[in-house]
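Contents: one structure, followed by commentary.
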Amino acid sequence: RSHMPSTEISSLVDALAQTRSLLLKHGDKFTAQRLHELEASLSEGDTSAIGSAVSEATGGMGSLNDRYLCVENGDTIEPHEVAAVNARLQRLVKEVEQRGRVAAAAYDIRLMR
């Protein structure tokens with residue numbers, strides 16, 4: 001097993017990092033921390049984290065997919081930013097899902113969703 005992550009995994013790590021950076025910019029702690037842990041696992045070659053990344057991007061309550069940035073959720077965000085920032089978050093979450101599915105296919109990993 002090589003120590004360089006594959007293109008598919010690097011791509012997924014990049015999508016997770018971009019998503020995490022957006023969350024951190026708006027004061028998120030919990031979801032960003034989970035994404036950071038997934039990035040670290042993937043970078044270390046832990047392919048089981050691929051399924052976890054896809055679950056974050058497609059899951060229900062408490063998942064990244066369920067995350068909505070707004071003052072009411074304790075986020076550091078101006079009311080006029082909410083729509084645009086959440087639209088960007090949604091695009092990033094879709095990107096995590098798509099790249100995760102590509103990585104899963106490359107490693108022959110069966111996904112639950």
Side-chain angles (χ1 to χ4, degrees):
R1 208 180 249 288
S2 74
H3 286 290
M4 269 308 287
S6 67
T7 310
E8 295 86 1
I9 285 190
S10 296
S11 174
L12 175 55
V13 168
D14 183 55
L16 287 164
Q18 287 182 50
T19 308
R20 179 169 55 91
S21 149
L22 180 71
L23 291 169
L24 287 172
K25 180 179 172 188
H26 296 287
D28 174 273
K29 304 275 184 293
F30 306 107
T31 313
Q33 181 56 41
R34 285 203 314 272
L35 299 187
H36 184 66
E37 288 161 11
L38 285 172
E39 288 167 53
S41 297
L42 288 164
S43 297
E44 288 161 13
D46 176 5
T47 54
S48 72
I50 294 171
S52 304
V54 173
S55 291
E56 277 287 350
T58 58
M61 232 166 106
S63 70
L64 171 62
N65 186 39
D66 185 48
R67 192 67 176 84
Y68 186 81
L69 292 162
C70 63
V71 176
E72 293 78 4
N73 285 342
D75 301 308
T76 314
I77 189 167
E78 296 298 321
H80 70 272
E81 295 178 298
V82 170
V85 169
N86 281 291
R88 174 155 167 68
L89 179 60
Q90 236 172 357
R91 284 193 302 275
L92 287 168
V93 171
K94 280 276 168 249
E95 203 59 40
V96 168
E97 178 187 358
Q98 285 162 352
R99 294 180 189 193
R101 290 188 186 287
V102 168
Y107 287 89
D108 222 12
I109 293 168
R110 290 182 51 127
L111 298 169
M112 295 303 184
R113 328 171 172 252

Legend entry - Side-chain donor or acceptor of Thr19 paired with backbone N/O of Ala15 under 3.5 Å: yes
Inset, instruction - Could you tell me which non-hydrogen atom of Val82 sits nearest to which non-hydrogen atom of Tyr68, and how far apart they are? - result: CG1-OH, 3.2 Å
Legend entry - Interatomic distance, Leu23 atom CG to Lys29 atom NZ [nearest 0.5 angstrom]: 11.0 Å
Legend entry - Inter-residue atom distance Asp28.CG - Gln33.CD, 0.5 Å rounding: 10.0 Å
Inset, instruction - Considering only NZ, NE, NH1 and NH2 on the basic side and carboxylate oxygens on the acidic side, decide whether Glu95 and Arg91 come within less than 4.0 Å. - result: no
Legend entry - From CD (Glu97) to CG (Leu111), nearest 0.5 Å: 9.5 Å
Legend entry - Ile77 CD1 to Lys25 NZ distance, which is reported to the nearest 0.5 Å: 9.0 Å
Inset, instruction - First locate atom NE2 of His26, then atom CD of Glu78, and finally report the distance between them rounded to the nearest 0.5 Å. - result: 10.0 Å
Legend entry - Considering all heavy atoms, the nearest Leu38-Ala49 contact: CD2-O, 3.8 Å
Legend entry - Test item: Ser11 side-chain N/O and Thr7 main-chain N/O as donor-acceptor pair under 3.5 Å: no
Inset, instruction - Check whether any side-chain heavy atom of Val96 sits under 4.5 Å from a side-chain heavy atom of Leu35, and report yes or no. - result: no
Inset, instruction - Please report the closest heavy-atom contact between Gly100 and Ile50, naming both atoms and the distance. - result: O-CG2, 3.4 Å
Legend entry - Atom of Arg67, atom of Leu89 and distance for their closest heavy-atom approach: O-CD2, 3.5 Å
Legend entry - Donor-acceptor contact below 3.5 Å, side chain Asn86 vs main chain Leu69: yes
Legend entry - Polar side chain donor-acceptor pair, Asp14 to Gln18, under 3.5 angstrom: yes
Inset, instruction - Answer yes or no: does atom CD of Gln90 have more than 12 heavy-atom neighbours from other residues, nucleotides or ligands under 6.0 Å? - result: no
Legend entry - Pair listing, side chain to side chain donor-acceptor pair (under 3.5 Å) test, anchored in residues 51-63, at least two apart: Arg34-Glu56
Legend entry - Ile109 with Leu12, same ILVMFWY side-chain cluster at under 4.5 Å: yes
Legend entry - Heavy-atom closest pair, residues Gly59 and Asn65: O-ND2, 2.9 Å
Legend entry - Closest contact, heavy atoms only, Cys70 versus Asp75: N-OD2, 2.9 Å
Legend entry - Nearest-0.5 Å distance that lies between atom NE2 in His36 and atom OG in Ser21: 13.0 Å
Inset, instruction - Using the rule that two of Ile, Leu, Val, Met, Phe, Trp, Tyr join whenever any of their side-chain heavy atoms come within less than 4.5 Å, decide whether Leu64 and Leu22 are in one cluster. - result: yes
